[in-house]
Amino acid sequence: MSKIVEGDVIQLVDRKRRRYQFRVQRGAQFSFHRGVVPHDELIGLEEGNVVTSSHGERLFVFKPTLSEFVLKMQRGAQIIYPKDIAAILMFADIFPGARVLEAGTGSAALTLALLRAVGEHGLVISYEIRKDFLEVAKRNIELFFGNIPENLILREQNIYEGFAREDKNLDRMVLDLPEPWRVVKHAKASLRNGGILVAYNPSILQIFKLSKRLEKSGGFLLTEIHEVALRGWEAGKRSIRPKHRMVAHTGFLLIARRLGDTETETGENV
Ligand code: SAH
């Protein structure tokens with residue numbers, strides 16, 4: 001059982017499945033087109049309970065999943081969508097205890113997922129060049145976890161200029177940058193042998209340029225390139241069918257593995 005306490009981020013779901021997400025504060029009230037709900041009425045409820053607004057609208061009470069949270073949270077930079085984050089976690093093989101470097105932090109959608117996946121014994125190092133985006137990222141992280149986890153290092157730095165000296169022996173690296181090829185040299189020096197690099201980019205030209213640079217570096221084996229197409233369906237009273245709208249394109253994923261120093265890239269990339 002999970003009771004709602006003050007400070008929790010929760011969501012109310014109406015009969016049309018519209019979701020309203022906010023942080024519970026004593027004395028505050030949630031208002032929408034179908035009336036108001038005092039926050040005090042939410043405190044002590046369990047997830048899955050129902051509250052009724054002043055206009056008689058019944059609303060389900062849940063805590064948001066990470067996926068729901070990132071879609072509603074404040075954005076500085078454009079986020080990586082949950083469908084791609086899910087694939088990144090698997091293709092990058094993020095595991096509990098992993099040392100992961102990511103860039104750029106942006107709004108921290110991916111950062112949140114990485115933190116969850118590495119767990120308290122792992123480490124996430126995240127680079128972001130823009131101070132204003134980092135502020136948004138910190139607010140989102142704090143809102144989701146209740147604090148900034150100690151195993152997160154945020155670096156306000158241009159990653160193209162190199163990594164901090166201690167960012168070595170990394171297990172995994174996830175790049176969401178406009179010019180990821182500019183990180184290849186540093187990635188080669190800082191990823192452990194067998195480590196995995198995943199890049200997310202909206203344009204295949206970026207992926208192509210990165211693949212060429214990885215090949216030239218002699219330190220990586222390009223293993224896979226993917227795009228994730230996810231089509232939602234709707235279950236109505238009379239029909240079950242695909243939704244009319246979908247997010248048709250977000251980005252491509254490139255996956256490469258760091259080779260041992262004695263190996264050389266053959267150029268026969270898959
Ligand atoms: N993955 C993030 C979104 C990142 S958008 C999320 O899911 O929320 C790309 C980010 O990279 C932007 O915030 C941008 O400011 C940052 N960026 C661009 N060039 C950079 C550089 N050279 N060094 C560090 N960050 C950079």
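In this chain, residues are counted from 1 in sequence order. When a ligand or atom number is given, it counts from 1 through the structure's own listing order.
Classified by interplanar angle (parallel below 30°, tilted 30° to 60°, perpendicular above 60°), the ring pair Phe32/Tyr20 is perpendicular.
Of the heavy atoms in Glu179, none comes closer than 4.0 Å to ligand 1. Residue Arg182 does not touch ligand 1, judged by heavy-atom distances below 4.0 Å.
Interface of Gln78 with ligand 1, defined as ligand atoms under 4.0 Å from a residue heavy atom, comprises 3 (C), 5 (S). Each of the atoms 22 (N) of ligand 1 lies under 4.0 Å from some heavy atom of Tyr160.
Between the side chains of Asp167 and Ser190, no donor-acceptor pair of N or O atoms lies under 3.5 Å.
At a 4.0 Å cut-off, at least one heavy atom of Ala108 sits close enough to ligand 1 to count as contact. The shortest separation from a heavy atom of Gln157 to ligand 1 is under 4.0 Å, placing the residue in contact.
Distance from atom 12 (C) of ligand 1 to its nearest protein heavy atom, with residue and atom name: Glu128 OE1, 3.5 Å. Here the protein heavy atom with the shortest distance to atom 21 (C) of ligand 1 is Asn158 OD1, 3.6 Å. Among all non-hydrogen protein atoms, the one lying nearest atom 7 (O) of ligand 1 is Ile80 N, 3.1 Å. Atom 11 (O) of ligand 1 has Gly104 CA, 3.5 Å as its closest protein atom, hydrogens excluded (heavy atom only). Closest to atom 6 (C) of ligand 1, if we only count protein heavy atoms, is Ala109 N, 3.7 Å.
Leu101 is connected to Leu197 through a chain of hydrophobic side-chain contacts under 4.5 Å among Ile, Leu, Val, Met, Phe, Trp and Tyr, so both are in one cluster. Under the 4.5 Å side-chain heavy-atom criterion for ILVMFWY residues, no single connected hydrophobic cluster contains both Val183 and Phe133. Hydrophobic clustering, with ILVMFWY side chains joined whenever heavy atoms are under 4.5 angstrom apart, keeps Leu152 apart from Leu175.
Remark: ligand 1 and Ser107 share an N or O pair separated by less than 3.5 Å (distance only, no angle test). Below 3.5 Å of separation, one finds an N or O of Ile159 facing an N or O of ligand 1. Between Ala77 and ligand 1, a contact under 3.5 Å exists for no N or O pair.
Checked against the 6.0 Å centroid criterion, the rings of His226 and Phe91 qualify as a close aromatic pair. For Tyr160 and His186, the ring centers sit 6.0 Å or farther from each other.
Relative to atom 19 (N) of ligand 1, the option among Ser126, Pro178, Gly106 with the closest non-hydrogen atom is Pro178. Of the options Leu134, Ile129, Ile85, the smallest heavy-atom separation from atom 25 (N) of ligand 1 is shown by Ile129. One option in Leu177, Asp176, Val136 has a heavy atom closer to atom 4 (C) of ligand 1 than any other, and that option is Asp176. Taking only non-hydrogen atoms, the option from Leu110, Thr105, Ile79 nearest to atom 2 (C) of ligand 1 is Thr105.
Side-chain contact between Pro96 and Val118: absent, with no pair of heavy atoms (C-beta onward) separated by less than 4.5 Å. A 4.5 Å side-chain heavy-atom check between Ile10 and Leu42 finds at least one atom pair inside the cut-off.
Listed for the Arg172 side chain is a donor-acceptor partner under 3.5 Å among the backbone atoms of Asp93.
Separation of atoms OG (Ser53) and NE2 (His33) is listed at 9.0 Å; rounding is to 0.5 Å.
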